[in-house]
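Values in this document were obtained by computation on a predicted structure and should not be read as measured data. Ligands are counted one by one from 1 in listed order, and the atoms in each one are counted from 1 as well.
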Amino acid sequence: MQTIATSIYNKNEEEEKKIILREYRAILRALKIRIKKGDKALLRRAFELAADAHKDMRRKSGEPYILHPLAVARIVVEEIGLGVTSVICALLHDVVEDTELTLEDMEREFGANFAKIIDGLTKISTVVDLKANTTEQAENFRKILLTLADDPRVILIKLADRLHNMRTLASMTHEKQLKIASETTYIYAPLAHRLGLYEIKSELEDLALKYTQPEVFNEIANGLKETKRERTRYINEFIKPVKEELAKNNFDFDFDIFGRPKAIHSIYHKMRTKGVAFEEVYDLFAIRIIIDCPPDQEKELCWKVYSIITNIYRPSTERLRDWISVPKGNGYEALHTTVMGPEGRWVEVQIRTLRMNEIAEKGLAAHWKYKEGASSAHESKLDSWLIHLREILNNPETDTLDFLQDFKLDLFTEEIYIYTPKGDMRVLPKGATTLDFAFDIHSELGARCIGAKVNHKLVPLSYQLKSGDQVEVITSSKQKPSEDWLAFVTTAKAKGRIKYYLKEEKRRIAEDGKGTLTRKLEHLGVPLSAGNLNELCVHFKKQSPLDLFYGIAVGNIDIKDLKDFTIHGDKLESPSKELKLDTKNLVSQEEAAKNKPVKGGELIIFGESSDKILYKLAQCCQPIPGDDVFGFITSGEGLKIHRTDCPNAPQLLANYGHRVVKTKWAKNKEVSFLSGVRITGLDDVGVIQKITNVISGELKMNMRSISIDTKDGIFEGTIMVYVHDREELENFSSRIGSLPGINKVERLEMSE
Ligand code: MN
């Protein structure tokens, strides 16, 4: 057997070598003019070293491993626009992690500059570690962000790495696909967005959707294919008069005008948030006009094109975005407007120059290319964002998980532009308050802020700012941060600083409590040992000694209660120990009864084993047999089964990968599940009767409840039925949906 395998391998070896070399040459071609003297030898050395180090390794798909670093390097040049240094690091990105070679080898071969980037890549390459616990994983995200602030090239190469892994995800196990895809949605797509890599962001999101929700993905992809002809016809009709007018106006610069459909993920997002069917959003696309013109005429010409288009099609007064005069924080520049096209359809039009287009596609990297010459104010904005990021991450008090949650909010939100009294501009997320602004300027300014003057009018700390506001912060030396401030700040920086101040304050107060407790214990003749502290924390239901000390200091805990404790040697013993255990048991039994686990463990099979494990079906997505599901070990309520398209799934899978258990449904038709659908339609007398006829008569299903509300001729209702599996539910939905007057039937997401 072995000889046969070897001979097949040998036969392919020459073939493989050819493919590998072809890939390498493609990179050199893409780099072209960026290769300076001496670079070529260095590139060759990196390629040969990587090829040799990985020579015995293969990817899951069976192809030689070196094709992966080669593909990553190619993405780095072609799709992100980075240069020779990044290509070399991309070629070497998995060497230290996966082979015998060390970081020291890299430094000796290529120098400290390269070694530093490779080190960054190695450090963040182990995010998907099945064994890592939550804190470790959060710590990993923090590392990603830290290296980002350190040298953005690290994260750009990492994004290329992730993109290639996502493109080749098909050969992974389903479990791994889910984990990698979720992590991509959770952290990498938002990062790509924040760095202005819109193309990559879209592709990452589409690929993630393809693996987490294949049915949805295929439905939309097929829908797009089927409607392509109709879209093209409409786009051509829209474009024709625009082209003619541009020509008539002696517009003598090269331009390109075309329409493109929205990404699958963003169509899905629209369908989901607006609650509409594909048919209602499929025609969503944007018309893009890209002008090739000298830098000093950009603004003028973009507006000229705008005026030509709006002479033909009426613009919506609410939808004009001028990101040329004030670019987005990630550097994006363009003019967006929405106009009424033929057949009375709203069409989004984006006007950009070639330079702006490159920034839109390659983000941060394109900025470096245009760094010389341009006065670019936005560049400093991105820089200041990176500085601010570093500031927060370097603060040892930052609670990483907490921070990530806040930070993620920052990544996606829209921006507003606020001015200081001197006219300097700051970029803040939409919804930011005067207090966010104060913290953005300086932590001390935030901590002492008592209010502000916005456009010369006095406003409170919680005042929500609007783009264009000019803000003068008012401070007092007596002011200090308080807990309720957290309710009206939105930026990660303000939240992080306030939490830090509160913790410091608590620590200061707790010192007093610690003194009091120490004296009391001394009096009783027992030491302030870890064991005794633990006993006290448990007794007084405090999470940590800090909370205990603080409780004593502020009088929440009566130190006199200590007299009820018994003393064994130098150990304190809580008086209520046994009693407490009893109540705990009582509570858990009650809980169990309320939230009772599904009978018949044989419904669900975990991993490869056939062990029977007690589990509950998650309330948030109410899975039924046939749904794609995973098991999740909660911290207090045992194992819960979620649908992979549960709204909570990306966050759970990405952050708590180690708690996920592979799960599938066993074939079992004995047990039925309560499931529900929401229906809408036109009011018609007798609709309830028709529905109930179908349910109990035709389908012979067991219905639990039906409720219908009618308003202005439209009715909305909920039907709860018992089903055995997804097929039955789908069958039921389509039967109900086919009744006259019923407009839409959708599965209930949340328990209501
Ligand atoms: Mn890799």
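For the residue pair Asp94/His54, the side-chain donor-acceptor check at 3.5 Å is not satisfied.
Salt bridge status for Glu348 with Arg260: absent, with no side-chain N to carboxylate O gap under 4.0 Å. Under 4.0 Å is where a charged nitrogen must lie from a carboxylate oxygen, and between Arg45 and Glu109 at least one such pair does.
Of all the N, O or S atoms in Asp94, the one closest to the Mn ion (ligand 1) is OD2. For Asp161, the N, O or S atom closest to the Mn ion (ligand 1) goes by the atom name OD1.
Within the 6.0 Å centre-distance limit, the rings of Tyr198 and Tyr332 are counted as a close aromatic pair.
Seen from the Mn ion (ligand 1), atom NE2 of His93 and atom NE2 of His68 lie 90° apart in angle, a value rounded to 10°.
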